[in-house]
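Throughout, a chain's letter reflects where its sequence line sits, starting with A, and its residues are numbered from 1.
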Number of protein chains: 2
Amino acid sequence: MSDNSEKRPSTRKPARRAASDLSADIANEIRDSIIDGRLIVDARLPSEAELAAQFAVSRPTVREALKRLAAQSLIRTQRGASGGAFVNRLSYEQAYPQQVTTATLLLSMNGISFATACEARFALERACALLACSNRTDQQLDALKFEIERQKDTFLSDETFCQSDVSFHRTFVDCACNPVLSYQLAGAIEAMQPLMNMITYTRRSRAVIVDLHSAILDALADRKATSCENVLDELHSYTLSLASPKS
Amino acid sequence: MSDNSEKRPSTRKPARRAASDLSADIANEIRDSIIDGRLIVDARLPSEAELAAQFAVSRPTVREALKRLAAQSLIRTQRGASGGAFVNRLSYEQAYPQQVTTATLLLSMNGISFATACEARFALERACALLACSNRTDQQLDALKFEIERQKDTFLSDETFCQSDVSFHRTFVDCACNPVLSYQLAGAIEAMQPLMNMITYTRRSRAVIVDLHSAILDALADRKATSCENVLDELHSYTLSLASPKS
DNA sequence: CAGACGTTAAATGTCTGACAAATAAAAATC
DNA sequence: GATTTTTATTTGTCAGACATTTAACGTCTG
C-alpha cells in the first residue's frame with residue numbers, strides 16, 4: 001500500500017525518520033535485496049564486521065538484524081574460516097513450521113470461532129477435490145487406504161486416531177500433485193487440528209468418520225470430483241454438528 | 001558434468017546443530033510459551049536483564065532471541081520505565097507481509113512453474129466461490145463493479161490495471177466473509193501476481209479480462225456458484241494460454 | 001612427489017561493561 | 001492541587017575482548 005520508493009540509497013542519510021530500530025532497517029534492506037534478486041541463493045553476505053562498517057553500526061546491531069532474517073529462514077550462518085551468512089534456499093520443510101505457528105496464533109488470538117475455522121478449512125480442502133481426482137496416483141490411494149484401515153482399529157488411542165486423521169487429509173491434499181497447494185493447505189490443516197480436536201475429541205464417532213473417509217477414497221478412485229466434494233461437505237456438516245449439538 | 005564444489009554428503013545429518021545456538025533455543029522456548037498459553041496476549045516478558053539471568057546468558061544473547069521473535073511479530077518492544085517486551089496480538093495485517101514474503105520466495109527459489117502456481121492460485125480462488133455466492137454483500141458487489149469500471153478505462157497504465165486486478169480478486173475472496181480464507185488467499189494471490197504479471201503483461205487482452213470479471217460479478221449477484229466456478233476456470237485457461245500460446 | 005599433520009587466519013558465537021534515549025512514576029515546587 | 005522536575009527502569013547502541021569453529025596454507029615425512 002505504501003509507496004516503496006527506497007531504491008535510492010545514495011541520497012540516504014541517517015535521517016530522523018523514527019530510525020530507532022536500526023536492526024529492523026538493516027534486516028529489511030537485506031531482505032529486499034534477497035527478494036528482488038540482488039542477492040541470490042547461496043550467495044554469501046559480507047561478514048558481520050564488514051556489514052557493521054557498511055551500515056555504520058556496531059556488530060551486535062548487525063547480528064540482531066541477521067537473527068531476524070534467520071528467524072524467517074532467509075539466511076543460514078556457518079562458523080569458521082570460510083563461514084558467514086548465506087542466502088538460504090527457502091524450502092517447504094522450512095516454511096511449514098512458521099506457517100503453522102502463524103496460523104495457529106492467528107486463530108487463537110483473534111477469537112476465530114470454530115465454525116469460521118472449520119468453514120475455511122473445508123473450503124480449502126474442497127478446492128483440491130477437482131485436481132486430486134485427476135492427478136491422484138495409485139500409491140496415494142494406497143496411502144489413504146492404509147490410514148483408513150488404521151482408523152478402523154478400535155484399540156487405537158484417541159491421539160493416534162487424530163494423527164491418522166491429519167495424515168489422511170494431508171495425503172488427500174497431496175493427491176492434487178501441486179506443491180504450492182500442499183504447502184498452503186498443510187499450514188491450514190495443521191493449525192486447525194488442535195482446535196478441532198479439542199472440541200470433537202470425545203464426541204466424534206469413529207464409525208462415521210471412517211465411512212466418510214472411505215467415501216472420499218472411493219470418489220478419488222473413480223475420479224468423481226463432484227461426489228468427492230459432496231462427501232467433504234458432509235464431513236464439514238458432521239464436524240460442525242459436533243461442535244454445537246445444543247438443541 | 002561440471003564438478004560441483006558445493007557437494008552435500010548425504011550422510012550429513014542436521015542433528016548436531018542444536019549445540020551452539022543459544023539465542024535460537026531461547027527464542028523457541030519463549031515462542032512455545034506463547035503458543036501453549038503460558039504467556040498470554042499483552043503479557044509482559046521479564047526485562048532483558050532478568051531473562052539473561054534466568055537463562056544464564058548475556059544480554060546480547062537474550063536480545064538476539066527477542067529480535068527473532070520480533071521478526072515473526074510474536075512480540076513488540078517498548079522503551080522506557082514501564083517498557084519491555086510484550087506478547088503481541090498477531091493480526092492479519094501483521095501476518096500478511098510475512099506470508100507474502102515467504103510465498104514469493106518459495107515460488108522463486110524452488111523453480112515453481114507458471115502452470116503450477118497458476119493452478120494453485122485458481123484452485124484456491126475457486127474454493128471461495130461457493131461461500132462468496134452465499135455471503136457476499138451488496139457493498140462488496142459495488143466494490144467489484146467499481147474495479148471493473150476502472151479496468152474499462154483504456155487510458156489506464158498497465159501497472160494500475162494490474163493493481164486493480166489484484167484488488168478485484170482480493171475483494172472477491174473477501175466476499176466469502178471468512179477472515180481465515182481471506183488471509184490464506186491474500187498471501188497466495190499477492191505472491192503470484194508478480195510472477196503472473198511478468199508473463200502476461202504484454203499479451204493479455206483487457207477486453208477478455210473485463211468480460212470475465214463482469215461474468216464473475218454477475219454470477220455473484222445471482223448467487224450462482226457453479227457458473228462462478230466455470231468463469232474462474234475460463235480465466236484460468238485464458239491465463240494459461242497467455243503463458244504458452246500455441247496459437 | 002604425495003599424503004598426513006600441524007599451524008594459522010577468518011569468521012561467527014558469546015560475554016562484559018558502558019552509555020544514550022525514552023518513558024512513566026515519584027518527588028518537588030509553585 | 002496542578003505543574004514541573006527528578007529519578008529509576010528499560011530498551012537501544014556501542015566498543016572491545018575472548019572462545020570456538022573451520023577451511024586453507026605450509027611443513028614434514030614416507
Side-chain angles (χ1 to χ4, degrees), chain A residues 13-30 39 42-71 73-88, chain B residues 3-9 11-30 39 42-88:
Chain A
K13 292 183 66 177
R16 70 253 335 153
R17 51 192 316 186
S20 70
D21 212 348
L22 292 179
S23 71
D25 294 341
I26 295 172
N28 287 337
E29 197 150 324
I30 297 176
L39 286 172
D42 290 335
R44 182 182 173 281
L45 274 66
S47 72
E48 293 175 352
E50 286 169 328
L51 285 173
Q54 186 175 321
F55 288 104
V57 297
S58 67
R59 196 158 84 92
T61 302
V62 166
R63 282 183 61 79
E64 288 176 6
L66 293 180
K67 294 309 176 190
R68 293 180 113 108
L69 298 173
S73 302
L74 268 72
I75 61 169
R76 64 178 184 278
T77 55
Q78 200 175 357
R79 292 170 72 165
S82 67
F86 298 85
V87 178
N88 201 18
Chain B
D3 213 300
N4 196 348
S5 60
E6 291 175 359
K7 270 191 154 181
R8 254 186 292 178
T11 58
R12 180 70 63 86
K13 292 168 63 178
R16 51 179 307 206
R17 63 167 297 167
S20 66
D21 212 348
L22 293 179
S23 71
D25 295 341
I26 295 172
N28 287 337
E29 196 150 324
I30 296 176
L39 286 172
D42 290 334
R44 181 181 174 282
L45 275 66
S47 72
E48 293 175 353
E50 286 170 328
L51 285 173
Q54 187 175 321
F55 288 104
V57 297
S58 65
R59 196 159 83 94
T61 302
V62 167
R63 282 183 61 79
E64 288 176 7
L66 294 180
K67 294 309 175 190
R68 294 180 112 108
L69 299 173
Q72 300 171 281
S73 302
L74 267 68
I75 62 169
R76 63 179 185 277
T77 54
Q78 199 175 358
R79 291 168 76 166
S82 69
F86 297 85
V87 177
N88 201 17

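The side chain of A:Thr77 places no N or O atom within less than 4.0 Å of a non-bridging phosphate oxygen (OP1 or OP2) of C:dA11. For A:Arg63 and C:dT12, the shortest distance from a side-chain N or O to OP1 or OP2 is not below 4.0 Å. Under 4.0 angstrom from either OP1 or OP2 of C:dC15 there lies at least one side-chain N or O belonging to B:Thr61. The phosphate of C:dC15 (OP1 or OP2) has a side-chain N or O of B:Ser58 nearer than 4.0 angstrom.
Distance check, rounded to the nearest 0.5 Å: CG of A:Leu69 to CG of A:Asn28 gives 8.5 Å.
B:Lys67 places a side-chain heavy atom less than 4.5 Å from the side chain of A:Asp21. Put simply, the side chain of B:Arg76 reaches to within 4.5 Å of the side chain of B:Asp42, judged on heavy atoms.
Counting to the nearest Å, the P atom of C:dA11 and the CG atom of A:Leu66 are 14 Å from each other. In this structure, B:Leu22 places its CG atom 12 Å from P of D:dT21, rounding to the nearest Å. Summarising the geometry, the separation between CD on B:Glu48 and P on D:dT11 is reported as 4 Å, rounded to the nearest angstrom. Note: CD (A:Glu50) to C1' (C:dA10) measures 10 Å, nearest angstrom. In this structure, CG of B:Leu69 is placed 16 Å from C1' of D:dT11, rounded to the nearest angstrom. When rounded to the nearest whole Å, the span between CD of B:Gln78 and P of C:dA21 equals 19 Å. The interatomic distance linking A:Ile75 (CD1) with C:dG13 (C1') rounds to 14 Å, in whole Å. Taking atom CG of residue B:Asp25 and atom P of nucleotide C:dG13, one finds them 13 Å apart after rounding to whole Å.
With D:dG12, C:dA11, C:dC15 as the choices, the nucleotide that has an atom nearest any side-chain atom of B:Val57 turns out to be C:dC15. In the set D:dC14, C:dT12, D:dT11, the nucleotide with an atom closest to the side chain of A:Pro60 is D:dC14.
Considering every non-hydrogen atom in both B:Ala49 and B:Arg59, the closest pair reads N-CD, 4.3 Å.
Here the options are A:Val57, A:Leu66, A:Ile26, the test is side-chain contact (heavy atoms from CB on, under 4.5 Å), and the partner is A:Leu51; only A:Leu66 passes.
Among the atoms of the strands shown, only primed sugar atoms or phosphate atoms (P, OP1, OP2) are found under 4.0 Å from some heavy atom of A:Arg44. Among the atoms of the strands shown, none is found under 4.0 Å from any heavy atom of B:Ala24.
Donor-acceptor pairing under 3.5 Å, judged by distance alone, is absent between the side chain of B:Arg79 and the base of D:dT10. Contact of A:Arg59 with D:dG16 (side chain to base): no donor-acceptor pair of N or O atoms is detected under 3.5 Å.
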